[in-house]
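Read the numbers this way: they start at 1 and go in the same order the structure lists the ligands and their atoms. Since we're looking at a predicted model, the values are computed, not measured.
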Amino acid sequence: MKVLVVGSGGREHAICTSIRKSPRLTKLFCAPGNAGIAQIAECVPIGVMEFDRIAAFAKENAIDLVVVAPDDPLAAGLVDVLNENGIRAFGPKKNAAILEGSKAFSKDLMKKYGIPTAAYENFDDSKEALKYLESCSYPIVLKADGLALGKGVLICKDHDEAVAGVKEIMEDKKFGDSGNRMVIEEFMTGREVSVLSFCDGKTIRIMTSAQDHKRAKDHDEGLNTGGMGTFSPSPFYTKEVDEFCKAQIYQKTVDAMASEGRPFKGVIFFGLMLTKDGPKVLEYNARFGDPEAQVVLPRMKNDILDVFDACIDGTLDQINLEFEDNAAVCVVLASDGYPVSYEKGFVINGLENFEGKEDYFCFHAGSKLTDRGIVTNGGRVLGITAKGRDLHEARSKAYEATEWVSFENKYMRHDIGKAIDEV
Ligand code: AMP
Ligand code: GLY
């Protein structure tokens, strides 16, 4: 089977690593990929939003399956374009990717189908939003409706901050057209858990849980980032939480999308908050999380190509997802200054230390091959992942492996997975 993965980050490196394990694979391509992915797949210099070129490449090379990993091409309808060209693709169509692409849509869906989430109101007029703020209690959460690289969420501690936030989103258009509409929602407190799932439009299969660390600095300080590290499973995702979510959230979401004429085939990522009133949905994503994929996929026992096929063919009810009875921790090595400004182009040393080490993975997020060797090429550079018998062992192995590589301006958090000490 010839497979093309679309994307270029640590998540795509993790997906390619899983696909490589399949005996069904004959050839793996990635567009555009990165220097790490290039070691296990043939990278082709086509951008993720170049739909016509992706379709043309898939046809010319008789690709059997295209896996679309990032949010932007999913929301803009790459899967639809591929299907129209007779190409099989894994990922939701545009009318289903809206589950992530519009926060106003997802909030209305949850309200209509009784799926637990924070109380909210949607606005497409800034004056109305500003008026509403006068009657709110604080803190309050403002969300730009559309995709905003994970940055379109503002937590405002008082009325003044919220007024400034509404102006930034809706009037100054800080997040572009994503801010034409916005959601204002109740602030929730509790522990966050990421749950990824496979869906075939009717059936949903839940993967093992994970927890992300979004803030840039230790002790959850600093700015929000794409994610500085993850661990899996989350010890806070108990059997009770799982039972509640199975009854109130997961299948209800898949059924709701089907009822709306938007059957969801692909990965639904449930961003959950475990509040004192029970689990609630913070957000949906229509794809694998990054870096969640870097701790979840290495623990999956199934042939991932079988699972992708089942999602496309509507036969997921015949698949029993299985995960190893262990744990994984991923520590992101970033460029100092991320997520604001940082330098790129520094040589990465020590990558060879990962060769032949079974429980260790060095997923590349932002790297590039040059005549000087592999250099840093992004804010997040590498995702250093290790598996262990339990979270403690996985954590100490992952941190040990962060010392195997070096590059100028290397930055990481030192408390990834520390929460497990509280259990
Ligand atoms: P989102 O992109 O919607 O996941 O939001 C990014 C982050 O903002 C989440 O991971 C939470 O940490 C935080 N957040 C979003 N919505 C809320 C909320 N209603 N209450 C508290 N924190 C929130
Ligand atoms: N790590 C969060 C995300 O992928 O959106």
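Taking any N or O of E283, backbone or side chain, none lies under 3.5 Å from an N or O belonging to ligand 2. Among the atoms of D290, some N or O lies under 3.5 angstrom from an N or O of ligand 2.
The shortest non-hydrogen separation linking S194 to E292 is OG-OE2, 2.8 Å.
Here the two rings, on Y411 and Y342, have centers that are 6.0 Å apart or farther. Annotation: F123 is in aromatic contact with Y132 [ring centroid separation under 6.0 Å]. Ring to ring, Y284 and F269 are not that close: their centroids are 6.0 angstrom or more apart.
Interface of G289 with ligand 2, defined as ligand atoms under 4.0 Å from a residue heavy atom, comprises 4 (O). Of all atoms in ligand 2, numbered sequentially from 1 with element shown, those under 4.0 Å from a heavy atom of D212 are 1 (N), 2 (C). Atoms of ligand 2 lying under 4.0 Å from at least one heavy atom of N285, given by number and element, are 5 (O). Atom numbering of ligand 2 starts at 1 in the shown order; those under 4.0 Å from a heavy atom of G226 are 1 (N), 2 (C).
Residues with a heavy atom under 4.0 Å from ligand 1: K103, V141, K143, V153, I155, E185, E186, F187, M188, E192, K214, L282, E283.
Looking at heavy atoms from C-beta onward, W404 lies out of side-chain contact with C362 at the 4.5 angstrom threshold.
Taking the six-membered ring for Trp and thresholds of 30 and 60 degrees, F288 and F198 have ring planes more than 60 degrees apart, a perpendicular arrangement.
Looking at E292 against ligand 2, only its side chain comes within 4.0 Å, counting heavy atoms.
Counting heavy-atom neighbours within 6.0 Å of K127 NZ, excluding the residue itself, gives a total of 12 or less.
For atom 5 (O) of ligand 2, the closest non-hydrogen atom on the protein side is R287 NH2, 2.9 Å.
Under a 3.5 Å cut-off, the side chain of T208 and the backbone N or O of V296 do not form any donor-acceptor pair.
Both the sub-6.0 Å distance and the 45° axial angle are not jointly satisfied by K410 relative to the ring of F346. Taking the ring centre of F236 as origin, the terminal cationic atom of R191 falls inside the region bounded by 6.0 Å and 45° from the ring axis.
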